[in-house]
Amino acid sequence: MHLNPYGQDPLALAVDLANRPCADTADLERRCAEAGFLLERAVGEADLAAVRDFLTGWAEVIDSPDDPTRAERLNALLAEYSGPPRLTDHAGTGWHLHYRPDDLPAHRQIAALVAVGTALHLTGRGMSRLGRCAARDCTHVYADFSRNGRQRYCSSVCGNRDAVRRHRARAAQENGERESGRAWPGA
């Protein structure tokens, strides 16, 4: 059985690359390898710049104000970077589907994987399963792979920090209300 190369891994890589931009070409190659991507060509400086540009367009999908806009923006990425599905055994690893031609430059291969992976994620799990962290001091993105589909933070660190912030704000408000109640006799 061959695993779907357009599953969760490309989306997790995109989130990682968006939140922690690559330092150089070696970093991009290493992170792709860690995600299990077999790049058909070496990553060059032009690929690194093109991946950054692609991620800017991908972030527009994340920041879409509604589902139709999100679909429109993602469809534009799919039209530019993916192709018709076809069977391939390009690396001798087993037959599987590709939504791109073989032997693409690294940046186009990454963009195709991310665009199709994003489309499969949103259509399979829900159009709201991609977003920005709800913590007010964080701009990181997340892909919601949770079972219940209620993720709002990029990490548990941001979620915990935001919960503590809300708790302290409530406690301060309650304390202020008690203090103001003492100032008015008979209240």
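These values consider heavy atoms only, across backbone and side chains, with no hydrogens, waters or symmetry-generated copies. Along the sequence shown, residues carry numbers from 1.
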Keeping the roles fixed (side chain from Asp47, backbone from Gly44), state whether a donor-acceptor pair exists under 3.5 Å.
-> yes
Quick check: does any side chain N or O of Asp144 sit under 3.5 Å from a backbone N or O of Gln151, one acting as donor and the other as acceptor?
-> yes
For Val43 and Ala106 the tightest heavy-atom approach is CG2-CB, 3.8 Å
Short question: side chain of His107, backbone of Pro105 - any donor-acceptor pair under 3.5 Å?
-> no
Is the backbone of Ala12 close enough, under 3.5 Å, to the side chain of Asp16 for a donor and an acceptor to pair up by distance?
-> no
Nearest-0.5 Å distance that lies between atom NE2 in His96 and atom CG in Leu87 = 9.5 Å
Kindly say whether Leu122 contributes a backbone atom to a donor-acceptor pair with the side chain of Arg129 at under 3.5 angstrom?
-> no
What pair of heavy atoms forms the shortest contact from Arg165 to Asp137, and how long is it?
-> NH2-OD2, 3.6 Å
Between Gln109 and Leu38, is there a donor-acceptor pair closer than 3.5 Å when you use the side chain of the first and the backbone of the second?
-> yes
Is Asp27 salt-bridged to Arg20, going by a charged N under 4.0 Å from an acidic O?
-> no
Arg31 (side chain) donor-acceptor with Leu13 (main chain) under 3.5 angstrom | no
With the 4.5 Å side-chain cut-off for hydrophobic clustering, are Leu120 and Val15 part of the same group?
-> yes
What is the distance from atom SG of Cys32 to atom CG of Leu17, rounded to the nearest 0.5 Å?
-> 6.5 Å
Atom pair CE (Met127) and NE2 (His121), whose distance is rounded to the nearest 0.5 Å | 10.5 Å
If two hydrophobic side chains count as joined below 4.5 Å and joins carry through other members, does Leu28 share a cluster with Leu113?
-> yes
Are any side-chain N or O atoms of Arg86 and backbone N or O atoms of Arg100, one a donor and one an acceptor, separated by less than 3.5 Å?
-> yes
Consider only side-chain heavy atoms of I, L, V, M, F, W and Y, link residues closer than 4.5 Å, and tell whether Val157 and Val141 are in one cluster.
-> no
salt_bridge(Asp67, Arg70) N-O dist < 4.0 Å = no
Closest contact, heavy atoms only, Tyr81 versus Ala111 | CD2-CB, 3.4 Å
Please answer: with hydrophobic residues joined when any side-chain heavy atoms are less than 4.5 Å apart, are Leu74 and Tyr99 in the same cluster?
-> yes
Separation of Arg152 CZ from Ser146 OG (nearest 0.5 Å) = 12.5 Å
Of all heavy-atom pairs linking Cys154 and Cys133, the shortest is N-SG, 3.4 Å
Do other residues, nucleotides or ligands put more than 12 heavy atoms under 6.0 Å from Arg166 CZ?
-> yes
From CZ (Arg108) to CG (Asp103), nearest 0.5 Å | 13.0 Å
Do the non-hydrogen side-chain atoms of Ser155 and Tyr142 ever get within less than 4.5 Å of each other?
-> no
Would a hydrophobic clustering, with Ile, Leu, Val, Met, Phe, Trp and Tyr connected at side-chain separations under 4.5 Å, put Phe145 with Ile62?
-> yes
Return a table of donor-acceptor pairs under 3.5 angstrom between the side chains of residues 49-61 and protein atoms on other chains or two or more places apart.
residue: Arg52; atom: NH2; partner: Cys22; partner atom: O; Å: 2.6
residue: Thr56; atom: OG1; partner: Arg52; partner atom: O; Å: 3.1
residue: Trp58; atom: NE1; partner: Thr118; partner atom: OG1; Å: 2.9

What distance separates Asp63 CG from Leu130 CG, expressed to the nearest 0.5 Å?
-> 9.0 Å
